[in-house]
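Structure first, then comments.
Below, each value reflects all heavy atoms present in this structure, side chains not excepted, and no hydrogens, waters or symmetry copies.
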Amino acid sequence: MFRSIVFWITTVIITILVGSVVVLFSIFDRKGNFTHFCAGIWGRAVCRLNGVKVQVDGLENIHRNRTYILVSNHQGFFDTFSLVGYLPIRFVLMAKESLFRIPFLGWGMKLSGYISVDRTNRKKSYHSFMNMIEKVKDGYTAIIFPEGRRTLDGNIGEFKKGSLLIATRTGTPIIPVTISGSYEVMKIGEKCIRPGLIRIKIDKPIETSNLSKTERENLIIKVREIIVANYDSTAKASKNMVAAT
């Protein structure tokens, strides 16, 4: 409970400080590079101050001069902190509309180019979807959580088919990203923080241009199988490490 109280206090303070700096310097940051830099500091600070370590494998699969769709499983509350803080690339993502109404946090998200989505309104959701397509066409790498929400039990859920349309409509390569450990750090519906290790596995890009109809239909299955396999191998390795100690 003490650590959880510290988490919320430090997160609020860090968010206010970083958000204030981003807003103050936004007039000089037309391309959003400084905003992205500040977001990285924000993510790393929240993780480190709460005893959460992050290990990233496979960064060599990301080339800075290319645009990608990063497709990731959604394990827990710390997914965003770890991705923003430890991936050395600029990206955008879609987040629920209510987050954009939070002072400092919402301002920083908007200045970072993130897209708000109202899942209760189909028209607004479609508009957000089209905005994301335009962002990708403009050269922004995007992160997508095709499960649609955080896992309830630690297992990887089904992937929504529409989530990969951004990749197929723009011909942008997909990179499967596997997150493990985040569920154990902070489960959905809980307020308690458990210090631990979050692992991020970045797989090789999958080309999406010039796919046949069958290949497009099976793409969501292929991506999920890669993420599940990486997740299972990471979980097995973690159990072996615990047993060894």
Side-chain angles (χ1 to χ4, degrees), residues 54-63 66-84 86-87 89 91-95 117 119 125 129 132-133 136 140-188 196-242:
V54 180
Q55 175 184 312
V56 183
D57 297 313
L59 282 175
E60 67 276 5
N61 292 319
I62 298 179
H63 301 283
R66 294 202 66 182
T67 300
Y68 300 100
I69 304 295
L70 305 182
V71 178
S72 173
N73 60 317
H74 207 354
Q75 282 287 293
F77 192 68
F78 271 76
D79 290 349
T80 302
F81 296 132
S82 57
L83 290 170
V84 169
Y86 292 88
L87 291 190
I89 57 171
F91 57 79
V92 295
L93 54 79
M94 287 193 289
V117 56
R119 295 188 178 92
S125 294
F129 173 79
M132 181 61 85
I133 287 179
V136 173
Y140 287 87
T141 286
I143 289 184
I144 297 174
F145 298 104
E147 293 168 277
R149 61 175 297 174
R150 287 173 283 164
T151 179
L152 297 174
D153 55 9
N155 295 316
I156 298 176
E158 294 300 317
F159 285 7
K160 293 178 172 59
K161 293 181 179 180
S163 60
L164 298 192
L165 284 176
I166 296 173
T168 55
R169 287 195 180 187
T170 60
T172 306
I174 288 174
I175 292 185
V177 176
T178 307
I179 299 176
S180 59
S182 178
Y183 174 75
E184 287 75 18
V185 170
M186 189 175 187
K187 299 178 181 179
I188 188 172
L197 174 64
I198 295 177
R199 289 186 171 91
I200 301 174
K201 168 66 176 178
I202 301 170
D203 219 282
K204 295 180 180 179
I206 300 172
E207 296 296 333
T208 63
S209 58
N210 302 318
L211 296 180
S212 66
K213 181 179 179 182
T214 302
E215 288 173 328
R216 287 197 301 271
E217 291 174 348
N218 292 330
L219 184 59
I220 191 77
I221 299 174
K222 179 179 180 179
V223 173
R224 185 178 184 278
E225 287 178 345
I226 292 173
I227 292 176
V228 169
N230 287 334
Y231 182 79
D232 290 343
S233 64
T234 301
K236 184 177 180 180
S238 298
K239 290 180 180 178
N240 291 336
M241 289 177 62
V242 172

Rounded to the nearest 0.5 Å, what separates atom CE in Met186 from atom CD in Gln75? 14.5 Å
Residues which pass side-chain contact (heavy atoms from CB on, under 4.5 Å) with Ile188, listed by chain and number, not counting sequence neighbours: Arg149, Arg150, Leu152
Pairs meeting criterion ring pair (Phe, Tyr, Trp, His ring centres under 6.0 Å) with involvement of residues 210-230, two or more places apart: none
From Ile175 CD1 over to Asn61 CG, what is the distance, rounded to the nearest 0.5 angstrom? 6.5 Å
Residues that Glu217 engages under side chain to side chain donor-acceptor pair (under 3.5 Å), provided they are two or more places apart: none
Residues at least two apart in sequence or cross-chain that pass ring-ring contact (aromatic ring centres under 6.0 Å, His included) with Tyr183, listed by chain then number, are none
Looking only at heavy atoms, the pair that brings Tyr231 and Gly154 closest together is OH-O, 3.0 Å
For the residue pair Leu165 and Phe129, establish whether any side-chain heavy-atom pair is separated by less than 4.5 Å. yes
CD1 on Ile226 to NZ on Lys201, rounded to 0.5 Å: 11.0 Å
Of Ile202, Leu93, Ile200, Ile179, the residue whose pairing with Ser72 passes side chain to side chain contact (heavy atoms under 4.5 Å, CB included): Ile179
What pairs with Thr208 under side chain to side chain donor-acceptor pair (under 3.5 Å), at least two apart in sequence or on another chain? none
State which residues pass side-chain contact (heavy atoms from CB on, under 4.5 Å) with Asp153; sequence neighbours excluded, sorted by chain then number. Thr151, Asn155
All side-chain contact (heavy atoms from CB on, under 4.5 Å) counterparts of Glu225, not counting sequence neighbours: Ile221
Partners of Asp57 by side chain to side chain donor-acceptor pair (under 3.5 Å), sequence neighbours excluded? Gln55
Can you list, pair by pair, the side-chain donor-acceptor contacts under 3.5 Å of residues 140-147, counting residues two or more places apart and other chains?
residue	atom	partner	partner atom	Å
Thr141	OG1	Tyr68	N	3.2
Glu147	OE1	His74	N	2.6
Glu147	OE2	Gly157	N	2.7

Looking only at heavy atoms, the pair that brings Ser82 and Ile198 closest together is OG-CG2, 4.1 Å
Sorted by chain and residue number, the side-chain contact (heavy atoms from CB on, under 4.5 Å) partners of Val228 (sequence neighbours excluded) come out as Ile156, Arg224, Asp232
If you define the side chain from C-beta out and look only at heavy atoms, does anything of Val71 sit under 4.5 Å from Leu164? yes
Listing request: all salt bridge (charged side-chain N to carboxylate O under 4.0 Å, His left out) pairs with a residue in residues 205-216, at least two apart in sequence or in separate chains. Arg66-Glu207
So, for Pro176 and Ile206, which heavy atoms are closest and what is the spacing to 0.1 Å? CG-CD1, 3.9 Å
Any side-chain heavy atom of Val117 sitting closer than 4.5 Å to one from Ser125? yes
About how many Å separate OG1 of Thr168 and CG of Leu219, when rounded to the nearest 0.5 Å? 7.5 Å
To check you understand the geometry: which heavy-atom pair defines the closest contact between Pro205 and Pro173, and what is its length? CB-CB, 4.3 Å
If the condition is side chain to side chain donor-acceptor pair (under 3.5 Å), which residues does Thr170 pass it with, not counting sequence neighbours? Thr172
Which atom names give the shortest non-hydrogen contact between Ile227 and Val177, and what distance separates them? CD1-O, 3.8 Å
